[in-house]
A.B. asks: 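Questions regarding the structure given below will be posed in turn.
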Amino acid sequence: QVQLVESGGGLVQPGGSLRLSCAASEIIFSMYDMRWYRQAPGKPRELVATVKRDGSTVYADSVKGRFTISRDNAKNTVYLQMNSLKPEDTAVYYCNVKSTYYYWGQGIQVTVSS
């Protein structure tokens with residue numbers, strides 16, 4: 001079974017930075033697009049960023065210019081570098097891949113607050 005293990009969340013002040021990591025196993029990592037979603041309390045899950053197999057990227061308008069998604073196929077890992085964080089970025093962040101099924105990381109909390 002595919003496993004996605006996330007790390008790197010935490011509490012930061014507005015304007016701060018965090019880098020999330022998602023390590024994948026039991027998957028031919030380089031064959032698949034990887035995505036980061038987030039979900040704030042009371043709100044629907046939102047697609048934040050996608051990094052495709054060729055390394056090209058797509059971002060939600062809400063994070064464009066502040067977040068960077070990247071992948072290291074040698075490490076089977078996808079990253080989300082988050083800069084200039086705002087309180088509205090507070091959410092649980094999920095790594096995702098679609099192969100035969102949709103696979104999700106466990107979710108990791110990011111809180112942006114003074």
A.B. asks: Is the shortest side-chain heavy-atom distance between Val2 and Tyr32 below 4.5 Å?
C.D. replies: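 No; the side chains remain at least 4.5 Å from each other.
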A.B. asks: Taking atom types as modelled, is there a side-chain donor on Gln109 or Thr111 under 3.5 Å from an acceptor on the other?
C.D. replies: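 Per modelled atom types, Gln109 and Thr111 side chains form a pair under 3.5 Å.
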A.B. asks: Should Asp89 and Met82 count as side-chain neighbours, where that means a heavy-atom distance under 4.5 Å?
C.D. replies: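 No - every pair of side-chain heavy atoms lies 4.5 Å or more apart.
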A.B. asks: First locate atom CG of Asp72, then atom OG of Ser30, and finally report the distance between them rounded to the nearest 0.5 Å.
C.D. replies: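 That separation rounds to 11.5 Å.
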A.B. asks: Under 4.5 Å between side-chain heavy atoms, hopping through other hydrophobics if needed: is there a path connecting Val78 to Val97?
C.D. replies: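 Shared cluster, yes.
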A.B. asks: When you measure from the side chain of Tyr59 to the backbone N and O of Ile69, does any donor-acceptor pair fall under 3.5 Å?
C.D. replies: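 Pair found, side chain donor or acceptor close to backbone of Ile69.
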A.B. asks: Working to the nearest 0.5 Å, report the span between SG of Cys95 and CE of Met34.
C.D. replies: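 Interatomic distance, Cys95 SG to Met34 CE, rounded to 0.5 Å: 4.0 Å.
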A.B. asks: For the backbone of Asp54 and the side chain of Ser56, can you confirm whether one donor and one acceptor N or O come within less than 3.5 Å of each other?
C.D. replies: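 The answer is no, because no donor-acceptor pair under 3.5 Å joins these two groups.
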A.B. asks: Roughly how far, to the nearest 0.5 Å, is OG of Ser62 from NZ of Lys86?
C.D. replies: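 Answer for the NZ-OG pair, Lys86 versus Ser62, is 8.5 Å.
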A.B. asks: Answer yes if Leu4 and Leu20 sit in the same cluster of Ile, Leu, Val, Met, Phe, Trp and Tyr residues linked by side chain heavy atoms under 4.5 Å apart, and no otherwise.
C.D. replies: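 In one cluster with Leu4: Leu20, yes.
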A.B. asks: Looking at Glu46, is its backbone amide N or carbonyl O close enough to the side chain of Arg38 to form a donor-acceptor pair, meaning the two atoms are under 3.5 Å apart?
C.D. replies: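 Not confirmed, Arg38 side chain does not pair with Glu46 backbone.
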A.B. asks: Report yes or no: does Gln106 contribute a side-chain atom to a donor-acceptor pair with the main-chain N or O of Glu6 at less than 3.5 Å?
C.D. replies: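 Yes; judged by distance alone, with no hydrogens or angles, the pair exists.
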A.B. asks: To the nearest 0.5 Å, what is the distance between CZ (Phe67) and CG (Leu80)?
C.D. replies: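 Between Phe67 CZ and Leu80 CG, I get 6.0 Å after rounding to 0.5 Å.
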A.B. asks: Using a distance-only test with no angle check, is there a side-chain donor-acceptor pair under 3.5 angstrom linking Asp33 and Thr50?
C.D. replies: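 No, because no side-chain N or O of Asp33 sits under 3.5 Å from a partner of the opposite role on Thr50.
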A.B. asks: Evaluate the salt bridge (charged side-chain N to carboxylate O under 4.0 Å, His left out) criterion for residues Lys64 and Asp61: first the C-alpha distance (whole Å), next the side-chain angles of each, then the deciding distance (0.1 Å), finally the verdict.
C.D. replies: CA-CA 5 Å; Lys64 199 171 298 181; Asp61 287 343; 3.0 Å; yes
A.B. asks: Taking the side chain from Arg71 and the backbone from Lys52, do they hold a donor-acceptor pair closer than 3.5 Å?
C.D. replies: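 Yes, because the side chain of Arg71 sits within donor-acceptor range (under 3.5 Å) of the backbone of Lys52.
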A.B. asks: Check whether NZ of the Lys or CZ of the Arg Arg45 lies under 6.0 Å from the centre of the six-membered ring of Trp104 and within 45 degrees of that ring's axis.
C.D. replies: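 Yes, Arg45 lies over the aromatic ring of Trp104.
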A.B. asks: Tell me whether Lys43 at atom NZ has more than 12 heavy atoms from other residues, nucleotides or ligands lying less than 6.0 Å away.
C.D. replies: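 Atom NZ in Lys43 is not crowded, with 12 or fewer foreign heavy atoms closer than 6.0 Å.
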A.B. asks: Would you mind reporting whether Ser25 and Gln3 have side-chain heavy atoms less than 4.5 Å apart?
C.D. replies: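 When only atoms from C-beta onward are counted, Ser25 and Gln3 do touch, with a gap below 4.5 Å.
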A.B. asks: Show the numbers, then the answer: is there a side-chain contact (heavy atoms from CB on, under 4.5 Å) between Ser113 and Gln13?
C.D. replies: CA-CA 5 Å; Ser113 176; Gln13 296 184 27; over 6 Å; no
A.B. asks: Compare all side-chain heavy atoms of Pro14 with those of Ser114 and state whether any distance is below 4.5 angstrom.
C.D. replies: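 Yes - at least one pair of side-chain heavy atoms lies under 4.5 Å apart.
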A.B. asks: May I ask you to test the Thr90-Val110 pair for a side-chain heavy-atom distance under 4.5 Å?
C.D. replies: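 Answer no - side chains too far apart.
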